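Here is the structure we will look at, set down as structure tokens.
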Amino acid sequence: RQPFGEEAKRHLEKLVLNQVVRVKMLSRDQYNRIVGLVLIPGLLRNKNLSVEMLRAGMAVVYRQGGAQYDGKMKQYELAEQGAIKAKKGVWSQKNFQKPSEFKAQHK
């Protein structure tokens, strides 16, 4: 198991469990799965679930093939940079291994 996998899952549950969410479909991948943006409706504005996970250090920006950002790449990078600076979540590890590296190593 990858470090912080369970913590990320719990954080995600805290954000969306028993909440109404909206999915903005961006496309479909090669397996016909939806690639989308998950939004949590709010009073003043919607929360972008990706940004929330990145801010908490519970996710990293996916920069590989097929990635889509709906014009929000700068926002994602800023959220990730803030987590890195504050050493939150996965960024608190001494020898952090990106998910893509972990996956390649554990095939």
Side-chain angles (χ1 to χ4, degrees):
R1 291 187 182 231
Q2 187 167 6
F4 279 89
E6 283 303 313
E7 292 88 342
K9 180 182 169 190
R10 283 194 300 274
H11 187 70
L12 181 63
E13 286 174 344
K14 250 196 304 186
L15 292 170
V16 300
L17 192 63
N18 298 318
Q19 298 290 320
V20 172
V21 298
R22 201 176 108 227
V23 178
K24 178 181 180 184
M25 185 174 142
L26 302 176
S27 68
R28 288 192 179 266
D29 70 7
Q30 70 266 30
Y31 305 106
N32 206 33
R33 298 176 298 198
I34 292 173
V35 175
L37 182 65
V38 180
L39 301 166
I40 306 166
L43 291 175
L44 300 176
R45 63 185 173 95
N46 295 330
K47 279 187 184 178
N48 179 323
L49 190 57
S50 296
V51 171
E52 297 302 316
M53 293 295 285
L54 288 163
R55 279 188 186 139
M58 295 294 158
V60 298
V61 176
Y62 183 78
R63 294 177 170 90
Q64 290 156 330
Q68 295 189 29
Y69 309 104
D70 195 38
K72 296 177 181 7
M73 181 58 157
K74 187 73 177 163
Q75 188 180 7
Y76 294 157
E77 288 178 331
L78 288 171
E80 185 181 66
Q81 286 303 315
I84 292 169
K85 231 179 201 177
K87 295 184 176 20
K88 289 183 175 179
V90 297
W91 306 107
S92 67
Q93 300 172 86
K94 225 176 195 157
N95 298 310
F96 171 63
Q97 189 176 39
K98 290 183 181 175
S100 57
E101 296 163 350
F102 180 87
K103 191 175 178 181
Q105 197 175 53
H106 293 87
K107 275 189 174 182

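Quantities reported herein were computed from a predicted structural model and do not represent experimental measurements.
Contact of the R28 side chain with the V35 side chain is not registered, since no non-hydrogen atoms from C-beta on lie closer than 4.5 Å. Within the 4.5 Å cutoff, no side-chain heavy atoms of V51 are placed close to those of L78.
The residues R10 and E13 are annotated as not salt-bridged, no charged nitrogen and carboxylate oxygen being separated by less than 4.0 angstrom.
Residues L12 and V60 share a hydrophobic cluster, clusters being chains of Ile/Leu/Val/Met/Phe/Trp/Tyr side chains in contact below 4.5 Å. A single hydrophobic cluster is seen to contain both V16 and M58, as judged by linkage of ILVMFWY side chains at heavy-atom distances under 4.5 Å, directly or through other members. In terms of hydrophobic clustering, with Ile, Leu, Val, Met, Phe, Trp and Tyr side chains grouped at heavy-atom distances under 4.5 Å, Y76 and V90 are assigned to different clusters. M53 and F4 fall within the same hydrophobic cluster, defined by Ile, Leu, Val, Met, Phe, Trp and Tyr side-chain heavy atoms under 4.5 Å apart, directly or through other members.
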Subject >> Chi angles and distances behind the side-chain contact (heavy atoms from CB on, under 4.5 Å) call for L39, N48 >> reply: CA-CA 5 Å; L39 301 166; N48 179 323; 4.2 Å; yes
**OP:** Begin from the C-alpha positions of L49 and V21 and carry the test side-chain contact (heavy atoms from CB on, under 4.5 Å) through to its verdict.
**Re:** CA-CA 9 Å; L49 190 57; V21 298; 6.0 Å; no
**OP:** Would you sort out whether E52 and R55 count as a salt bridge (charged side-chain N to carboxylate O under 4.0 Å, His left out), showing the intermediate values?
**Re:** CA-CA 5 Å; E52 297 302 316; R55 279 188 186 139; 3.2 Å; yes
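Rounded to the nearest 0.5 Å, atoms CE (M73) and CZ (R63) are 5.0 Å apart. Summarising the geometry, atom NZ belonging to K87 is positioned 10.5 Å from atom NZ belonging to K94; distances are rounded to the nearest 0.5 Å. Atoms CG and NZ, on L54 and K88 in that order, are 11.5 Å from each other to the nearest 0.5 Å. Distance check: Q97 CD to Q2 CD gives 7.0 Å after rounding to the nearest 0.5 Å.
Within a 6.0 Å radius of NZ in K72, other residues, nucleotides and ligands contribute more than 12 heavy atoms.
Nearest heavy-atom pair across P41 and R22 is CD-N, 4.4 Å.
Classification of the F96-W91 ring pair by plane angle, with boundaries at 30° and 60°, yields tilted.
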